[in-house]
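Naming: A, B, ... by sequence-line order, numbering from 1 per chain.
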Protein chains: 2
Amino acid sequence: MATTQRAAVDRPPTIHDIAALCGVAASTVSRALSTPDRVNIRTRQRIEAAAAQLNYIPNSQAKALSSGRTGAVGVLVPDITNPFYFDLIRGTQLQLKAAGYTQLLVDTEESDEVEASTMEQLRKSADGIVVAASRLTDEALLAAAAKMPMVTVNRDVHGVPAVLIDTPSATTQALDHLISLGHTRIAYMAGPLTSQSSTRRWTTLSEAAEERGVEVRLLGPFAPKTQSGAAAADAAVHSRVTACIAFNDLIAIGMLQRLRERGIRVPEDMSIVGCDDIFGADFCNPPLSTMASPIEQAGRVAVSMLLAQLNPLAGGGTRSRSVMPTHLKVRGSTGPAPARQDSLT
Amino acid sequence: MATTQRAAVDRPPTIHDIAALCGVAASTVSRALSTPDRVNIRTRQRIEAAAAQLNYIPNSQAKALSSGRTGAVGVLVPDITNPFYFDLIRGTQLQLKAAGYTQLLVDTEESDEVEASTMEQLRKSADGIVVAASRLTDEALLAAAAKMPMVTVNRDVHGVPAVLIDTPSATTQALDHLISLGHTRIAYMAGPLTSQSSTRRWTTLSEAAEERGVEVRLLGPFAPKTQSGAAAADAAVHSRVTACIAFNDLIAIGMLQRLRERGIRVPEDMSIVGCDDIFGADFCNPPLSTMASPIEQAGRVAVSMLLAQLNPLAGGGTRSRSVMPTHLKVRGSTGPAPARQDSLT
DNA sequence: GGCGAAATGACAATCGGTTGCCAATGTTTG
DNA sequence: CAAACATTGGCAACCGATTGTCATTTCGCC
């Protein structure tokens, strides 16, 4: 069996090996494999058989170089260790694999410079990119989108296709939830200033608060890490609010830890609402009330939108904006407001 | 400013553009950029200036095709959503970026087939691979390692360079910890059968238990997910042990949740020890006693070993095996054994 | 001043495919 | 039966870099 091998040493087989084996030109092999219709079916079958026999695997570099298409899609996230992105990444990976694409995952380290240089780098090694929670300015993003197909996640820039997670509406749900529990002094623990999600959420929240006649303070900004939760918790305590809506679960979980250290009970003394329903939100102490979304699905949708851009075949107009629903998930970190002990300062 | 641009349309600049701009041959440009010593310093500076002016970025595909080196390294993990791999991935990414390499991250979905086909795929698009917790057989791994530079993480196959995490020694620490708390009936909640880590850990554990004259039962196997924790918890309760050492934190955390549901107190009624000290281990309820290791460092070391293999320049002999230390981190999920209520069945 | 060695730059082949173009073949139709 | 057409296969250029070879230049040295 094994000795049936041609003299083809150990080097991976190329289309030339197949061509030699079948007695046709290399270009015919190429066509047989990529444009099957343009080749006699018998020849094609011979070629396919030979390819299978040699265990042929096309060289993606060469393919990319000559055709211009790389068959790869870049996925940029600000921080791989942020659990929020796990499901997103998994979603993109699954959808890409299903379409025969390769995923190039890059952690941009929450840096706009790394993000920009990565995009430049990817310009020739990927057919398109999915950019989650970009730290770039609108202008920079728009310029980058002009150079290569792009879909953003959680970032709304006119002219750039995007998958948006509808946290604003869930934020309102969270606010109503807290109000119904008797809270009137509430804080929003903001995320990074460069995060559009955080800004949008705050806008929605302050408007909704005004309509409802309750006070919502803006505290922060805080880095989206559990470590920042300590500062956030202290700020919340200091500003004497009875409930907090955090930019994300990492901050919220960090707050839970800090409040526990300080002997402040959750939810008896302070209610906390997170956002994203990340891994850990269900088993922290107490379990975190949070705003949940179909993140993995967001990843899939982002990829679908990108691929539609890349292969604008049959389908009608390309959707340029997709909004994922979000809903409040009530767990143990929210409860009735404590009895009023002091007046507003 | 912007109009100073040459007629070079919008297409990314190539070495030919630089060559034309400088009035030299393309090959000279190539040499100037990759073998600076072999080119007149004045010419070189002119070329570098031109490259900077044109904002030249080498085409990695073309580079790979002609030189055979891709400048990329594949990193294969069984499950991206397993927090254990976060720090590992971050470690590899940092070290690779520092060395000017690109990371190709692939989730092999805990499947040996996906793993094998990914390796084949990567054979031409990466210079080497780091394989974490491989699901392949020793033979398959060895064969794959013969075809391309490889470093494994948490998998010891003779002839394949590896970074090993010394959980066995920490397992013994965990056992002593539990014994000192009065536990005599202990269970090991095993991971996947194909996981060598799990097997090694069990071997160490059962030997140590024998030496110490305590009983340690093998329960499982359980999938390394929190969802499996429920089954694991029930199995533990059924077998009437007072303490469990879980294959990893995911299972351990799942057990905590299930035990809480069933009204079994941790650590009063049952002690739980996890492994890996993943994100979440410090804020679950109760905080998990677990075995911690410098995972990010493991990632860096793996990459260093791989790069040493790729560029066997100055350095002496290539290290082929590196063991990362592990220690027990005692938190709230372990405590004194409950008073004996029944005899061994 | 002239010789040889070292330094340098240009040319061309090469990596492994894709693709435009043309020729050869086969088929249908007038 | 021939002409027009459709189908198929092969040649060769090309993608953007690397690299071996060789001619030329430069420089040092006797």
Side-chain angles (χ1 to χ4, degrees), chain A residues 8-48 50-51 54-72 120-121 123-127, chain B residues 8-48 50-51 54-72 100 102 120-121 123-127:
Chain A
V9 291
D10 196 17
R11 174 180 49 77
T14 72
I15 53 170
H16 297 95
D17 298 325
I18 300 179
L21 190 61
C22 295
V24 300
S27 58
T28 305
V29 176
S30 173
R31 284 208 180 74
L33 297 177
S34 53
T35 334
D37 314 326
R38 297 189 41 68
V39 160
N40 183 311
I41 185 160
R42 294 182 48 204
T43 312
R44 190 179 92 207
Q45 286 173 346
R46 253 170 55 221
I47 290 175
E48 282 169 350
L54 293 177
N55 195 18
Y56 168 73
I57 294 180
N59 181 320
S60 54
Q61 322 283 341
K63 214 165 191 166
L65 186 55
S66 57
S67 69
R69 285 167 270 109
T70 63
E120 203 55 52
Q121 172 78 31
R123 188 166 164 199
K124 290 266 56 173
S125 35
D127 295 342
Chain B
V9 293
D10 197 19
R11 173 181 51 78
T14 72
I15 53 171
H16 297 94
D17 298 325
I18 300 179
L21 191 58
C22 295
V24 298
S27 58
T28 305
V29 176
S30 173
R31 285 207 177 76
L33 297 176
S34 52
T35 336
D37 315 324
R38 295 187 43 67
V39 160
N40 183 310
I41 185 160
R42 294 183 48 202
T43 313
R44 190 180 92 207
Q45 287 172 343
R46 253 172 52 223
I47 290 174
E48 282 169 350
L54 293 177
N55 194 19
Y56 169 73
I57 292 180
N59 181 320
S60 55
Q61 321 284 339
K63 213 166 191 166
L65 185 54
S66 58
S67 70
R69 285 167 271 110
T70 62
T102 299
E120 203 56 52
Q121 172 80 29
R123 190 167 164 199
K124 289 268 57 174
S125 35
D127 295 340

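- When the nearest nucleotides of DNA chain C are assigned to B:Ser27 and B:Leu65 by heavy-atom distance, the more 5′-ward of the two goes with B:Ser27.
- No engagement by B:Ser60 is indicated, since no non-hydrogen atom pair under 4.0 Å with the nucleic acid exists.
- The residue among A:Arg69 and B:Ala62 whose nearest nucleotide of DNA chain C lies closer to the 5′ end is B:Ala62.
- Atom OG1 of B:Thr14 is separated from atom CG of B:Asn59 by 9.5 Å, given to the nearest 0.5 angstrom.
- The interatomic distance linking B:Leu33 (CG) with D:dA17 (P) rounds to 9 Å, in whole Å.
- Between B:Arg38 atom CZ and D:dT19 atom C1' there is a gap of 10 Å when expressed in whole angstrom units.
- Atom NZ of B:Lys63 is separated from atom C1' of D:dG16 by 11 Å (rounded to the nearest Å).
- In this structure, CD1 of B:Ile47 is placed 12 Å from P of D:dT18, rounded to the nearest angstrom.
- Among the protein residues, B:Thr35 comes within range of no part of the nucleic acid, since none of its heavy atoms lies under 4.0 Å from any strand.
- Residues B:Arg46 and B:Val24 are in side-chain contact: their nearest non-hydrogen atoms beyond the backbone lie under 4.5 Å apart.
- In this entry the distance linking CD1 of B:Ile57 with C1' of D:dA17 reads 15 Å, nearest Å.
- Spacing between atom CG of B:Leu54 and atom P of D:dG16 amounts to 14 Å, rounded to whole angstrom units.
- Here the closest non-hydrogen pair linking A:Pro12 and A:Asp17 is O-OD2, 4.2 Å.
- For B:Thr102, the side chain to side chain contact (heavy atoms under 4.5 Å, CB included) partners are B:Ala72, not counting sequence neighbours.
- Across all non-hydrogen atoms, the minimal contact from B:Thr70 to B:Asp127 is N-OD1, 2.6 Å.
- Applying the 4.0 Å criterion to OP1 and OP2 of D:dG16, one finds that B:Thr14 has every side-chain N and O outside that range.
- If you measure from atom CD1 of B:Ile41 to atom P of D:dT26, you get 18 Å, rounded to the nearest angstrom.
- Within the 4.0 angstrom heavy-atom criterion, no nucleotide atom of any strand lies near A:Val29.
- Base contact: B:Ser30 has a heavy atom under 4.0 Å from a base atom.
- When DNA chain C is scanned in the 5' to 3' direction for atoms under 4.0 Å from non-hydrogen atoms of chain B, the outermost contacting nucleotides are C:dT8 to C:dG16.
- Closest approach of A:Ile15 and A:Ala26 over heavy atoms only: CD1-O, 3.8 Å.
- The CZ atom of A:Arg31 sits 15 Å away from the P atom of D:dT7 (whole-angstrom rounding).
- For the pair B:Lys124 and A:Ile57, the minimum side-chain heavy-atom distance is 4.5 Å or more.
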